[in-house]
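Structure first, then comments.
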Amino acid sequence: MKNNKQLPKYFYLQDDVQWVAQQLLGKVIYTSINGLVTGGIIVETEAYNGITDKASHAYGRRFTERTKVMYGEGGVSYVYLCYGIHYLFNVVTGPIDVPQAVLVRGIEPIVGLDYMLKRRNMEVLTPRLSAGPGTLTQALGIAGNFNGKSLSGDDIWIEDVGISLDEQDIVVSTRIGVEYAKEDALLPWRYYIKGNRFVSRK
DNA sequence: TGGGTGATGGACT
DNA sequence: GTCCATCACCCAC
């Protein structure tokens, strides 16, 4: 499934996490698990801007077993367990020692729909399949074992399939669920494709 | 070593 | 709108 549409390494190494978060909209994320390929268009993202962002796990240069993967080079996954129940998937971005990440909050399923429905214990396709950061990981089969994996590998990867969006297709808003970050909760660092059904919420 | 908490989702009123 | 499952993580003690 490797091909020349995979995002190149330099895409992830860009230093501007808000820019990368917007550029990831319209790209397609795939997983391949035991030979089963599933994938969907990224329709909603949030930027987490490293050591100065109070909503980021790396705020204040916090370096722990959990956060260390964000201090490596961009182009790998950061997966963590939230509320003891849900795995959330992030794209690590930026150069080494710059702990930025983009949270993926919604995908529009396009490949392996039957497998994704099965993983979600659903019969028919509705946005509940993969609108939301904890549901899309379940649909794609992403769990803790995906933490730190290369996004240019055979298990998980991201492609540019030629979907182009201009500014008027993208809605910018504040991030979800980060009230604890006080004034940083007001930063406009959430991005989603206007009108898409698989956005977690308006 | 203990306890509060969280980048959520689903069920229910 | 409300409630809460469920547990790794983190930091204060």
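Convention: sequence-line order gives letters A, B, ...; per-chain numbering from 1.
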Check: What integer distance in Å separates Asn121(A):CG from dA11(B):P?
Finding: 10 Å

Notebook entry, point to check: Does a donor on one side chain and an acceptor on the other come within less than 3.5 Å for Thr67(A) and Arg62(A)?
Noted result: no

Next item on the list: Please work out if Arg66(A) contacts a base, only the sugar-phosphate, or nothing of the nucleic acid, heavy-atom cut-off 4.0 Å.
Entry: sugar-phosphate

Checklist line | Watson-Crick or G-U wobble mate for dA7(B), both contacts under 3.5 Å | finding: none

Next item on the list: Answer with base, sugar-phosphate or nothing: what part of the nucleic acid does Ile85(A) contact at a heavy-atom distance below 4.0 Å?
Entry: base

Next item on the list: Please state how far atom CD in Glu65(A) lies from atom P in dC10(C), giving the value in whole angstrom units.
Entry: 9 Å

Checklist line | Rounded interatomic separation in angstrom, taking CZ from Phe89(A) and P from dA7(B) | finding: 17 Å

Next item on the list: Name the closest nucleotide to the Leu103(A) side chain, picking from dA7(B), dA8(C), dG6(B).
Entry: dA7(B)

Note to self: By the 4.0 Å heavy-atom rule, please label Thr135(A) as base, sugar-phosphate, or nothing.
What the structure shows: sugar-phosphate

Item checked: Centroid-centroid under 6.0 Å between Tyr80(A) and Tyr78(A) rings -> yes

Notebook entry, point to check: Within the structure shown, what part of the strands sits under 4.0 Å from Arg190(A) by heavy-atom distance: base, sugar-phosphate, or nothing?
Noted result: nothing

Check: Is there a side-chain polar atom (N or O) of His57(A) under 4.0 Å from OP1 or OP2 of dA7(B)?
Finding: yes

Next item on the list: Figure out the CG/P separation between Leu81(A) and dC7(C), and round it to whole Å.
Entry: 9 Å

Notebook entry, point to check: OP1, OP2 of dC9(C) versus side-chain N and O of Thr64(A): anything below 4.0 Å?
Noted result: no

Notebook entry, point to check: Do the side chain of Ser130(A) and the main chain of Ile107(A) share a donor and acceptor less than 3.5 angstrom apart?
Noted result: yes

Next item on the list: Specify the separation, in whole Å, of atom CZ of Arg201(A) and atom P of dG9(B).
Entry: 10 Å

Next item on the list: Determine, for Arg105(A) against Glu46(A), whether the closest basic-nitrogen to carboxylate-oxygen distance falls under 4.0 angstrom.
Entry: yes

Notebook entry, point to check: Which nucleotide in the set dT8(B), dA7(B), dC10(C) lies at the smallest distance from any side-chain heavy atom of His86(A)?
Noted result: dT8(B)

Notebook entry, point to check: To the nearest Å, how far apart are Leu187(A) CG and dA7(B) C1'?
Noted result: 14 Å

Notebook entry, point to check: Quick one: do the Thr93(A) and Gln14(A) side chains pair a donor with an acceptor below 3.5 Å?
Noted result: no

Next item on the list: Would you mind reading off the distance between Tyr180(A) atom OH and dT8(B) atom C1', rounded to a whole angstrom?
Entry: 12 Å

Item checked: Options dC10(C), dA7(B), dG10(B), nucleotide nearest the side-chain atoms of Arg62(A) -> dC10(C)

Item checked: Integer-rounded Å distance: dA7(B) P and Glu46(A) CD -> 11 Å

Notebook entry, point to check: According to a strict under-4.0 Å criterion, is Arg120(A) in side-chain N/O contact with OP1 or OP2 of dG10(B)?
Noted result: yes

Item checked: Check: Arg119(A)/Gln138(A) side-chain N/O donor and acceptor closer than 3.5 Å -> no

Margin query: Side chain of Arg128(A) only, heavy atoms from C-beta on: which candidate in dG10(B), dA7(B), dT8(B) is closest?
Written below: dG10(B)

Checklist line | Face-to-face contact Tyr48(A) to dA7(B) six-ring, under 5.5 Å, under 30° | finding: yes

